[in-house]
2 protein chains.
Amino acid sequence: MTRILIVDDDEPLLRALRVNLTARGYQVDTAGTAKAGLVAAGHHPPDLAIVDLGLPDLDGIRVVEGLRGWSRAPIVVLSARHSEPVKVAALDAGADDYVTKPFGMDELLARIRAALRRGTPAVPDAPVIRAGEVTVDLAMKRATGPDGEIRLTPTEWHLLEVLARNPGRLVEHRQLLREVWGPQYETETNYLRVHFANLRRKLERDPARPRHLITQPGIGYRLEL
Amino acid sequence: MTRILIVDDDEPLLRALRVNLTARGYQVDTAGTAKAGLVAAGHHPPDLAIVDLGLPDLDGIRVVEGLRGWSRAPIVVLSARHSEPVKVAALDAGADDYVTKPFGMDELLARIRAALRRGTPAVPDAPVIRAGEVTVDLAMKRATGPDGEIRLTPTEWHLLEVLARNPGRLVEHRQLLREVWGPQYETETNYLRVHFANLRRKLERDPARPRHLITQPGIGYRLEL
DNA sequence: TGAGGGCGTTAAGAACGCATCAAGATCCGT
DNA sequence: ACGGATCTTGATGCGTTCTTAACGCCCTCA
């Protein structure tokens, strides 16, 4: 689910945004001050941030800068001021859009859609992932191991697919379970152990000492390239 | 050189834009009608397009759609109309930004910079925090110390992650404990001491004299960049 | 100078996570 | 309905990680 963080101290607006965004399927976090916003972002990294420039404690531009220090999520700035230097400063600090109050909800939603649309690179990645002697062809739904093409069961393929879509990246237990089995199975880490054992037997040269299907104990698994 | 295509029939504005943009090192193409704009774009694919909605022959949204059919270059829409449905339509058609006339040249230039910045995948995706010989890759969930990649336990990674999301900033004991262990552990500063000792052993060259995992006595810890 | 608090370090047992195996249960095409 | 493949579930052994407690150090303050 797409996670949106709103940093604003305007209570009525906050409520309106929350209602509209949650109704459209976004998960919404809110913060009333700049500091609380940065803490919240650290706590739950957002996929998009909406930042009001007029905050009680710090200038909203500080929030933009703080987020840009580690996150590339799009940032939409809200402000009651038309002042051009302020707009320029906010955009150059790393904001992606600047909306002047008052604005219509539909416009803001459209701008959020536009920002998220270009945020996700639409999976332009190569359809075939190579990891040493292991290859995964996402388009063809085929995989090869050290001894050529491999026959995978549906669950095994699904698992491998999720890993291949995040090449080299660590994928947490929860994400794997949610994507393959569904949200209600998020605790069944046993499934992962069993099926990863089978996967390793099929496409690792030495299943006991895996080189590509790596376990990160307590966190998740990763397809090492 | 960055190539910008302007599709607008407002002659004075066109001249002003051309002067300002060329002065800043952009290569500028112009077209006075929608059809001419699409032809010009096909001739010299732009890195960014500025499209006025009020064109003599076709609605500017047609230009946006036409460009989006084959190009992913950012598109900034200009319009004299504040009408919200029009804004929504333009953004959903694939525009990246919407600027209402009259606007200041500095603002438009800032919005162009912002659009180009995210348009170029200059950094594909690297929320990587560098702190000297220590690096933390939040997306990959990987960390490296002076001797290359490091294996971290779940708790150690969680701690390091919180610090990395607040680069250079001081993070209080309470926040760390709440984030990693939960609100009811806010007083267990012992946990912090033990796990920070382990972290330092793994990624400080001289664990006894830490250079990056800094203690702020009585307050918290900080990831020194 | 002595007491106290915060910090770093260490060590040991408890708790947890992982790999593996094997036995049902379930799903599928024939 | 049958047989094979696949998935679920439980149990075991092993290694790792977390918790907890104890000790010594340094700094501050009385």
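When the P atom of D:dT17 is taken as reference, atom CZ of B:Arg201 falls 12 Å away, rounded to whole Å. In this structure, CG of B:Leu213 is placed 14 Å from C1' of C:dG8, rounded to the nearest angstrom. Atom NE2 in A:His195 sits roughly 14 Å away from atom C1' in C:dT20 (whole-Å rounding). Going from atom CG of B:Leu199 over to atom P of C:dG8 covers 12 Å, rounded to whole Å. C:dG17 atom C1' lies 15 Å from atom CZ of A:Phe196, rounded to whole Å. Atom pair B:Arg174:CZ and C:dG6:P shows a separation of 13 Å (rounding to whole Å applied). Atom-to-atom, CG of B:Leu177 to P of C:dG6 comes out at 14 Å; the value is rounded to the nearest Å. Atom-to-atom, CD of B:Glu188 to C1' of D:dT20 comes out at 9 Å; the value is rounded to the nearest Å.
Classification of the B:His195-B:Trp181 ring pair by plane angle, with boundaries at 30° and 60°, yields tilted.
Residues A:Arg142 and A:Glu149 meet the side-chain proximity criterion, which asks for heavy atoms closer than 4.5 Å.
Taking a cutoff of 4.0 Å between a charged side-chain nitrogen and a carboxylate oxygen, B:Glu133 and B:Arg205 qualify as a salt bridge.
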Exercise. Take B:Thr215 and B:Arg200 through the side chain to side chain donor-acceptor pair (under 3.5 Å) test and state the conclusion after the steps.
Key: CA-CA 11 Å; B:Thr215 302; B:Arg200 284 177 178 140; 2.7 Å; yes
Determine, step by step, whether B:Val99 and A:Tyr98 satisfy the side chain to side chain contact (heavy atoms under 4.5 Å, CB included) criterion, reporting the C-alpha distance in whole Å, the side-chain angles of both residues, the deciding distance to 0.1 Å, and the verdict.
CA-CA 10 Å; B:Val99 184; A:Tyr98 188 108; over 6 Å; no
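Judged by distance alone, with hydrogens and angles left aside, the side-chain atoms of B:Lys202 form a donor-acceptor pair with the main-chain N or O of B:Arg151 at under 3.5 Å.
Five base pairs at each end of the helix from C:dT1-D:dA30 to C:dT30-D:dA1 define two local axes, and these are offset by 40° (rounded to 10°).
Projected onto DNA chain D by closest heavy-atom contact, B:Tyr191 and A:Pro217 fall at different nucleotides, the more 5' of which corresponds to A:Pro217.
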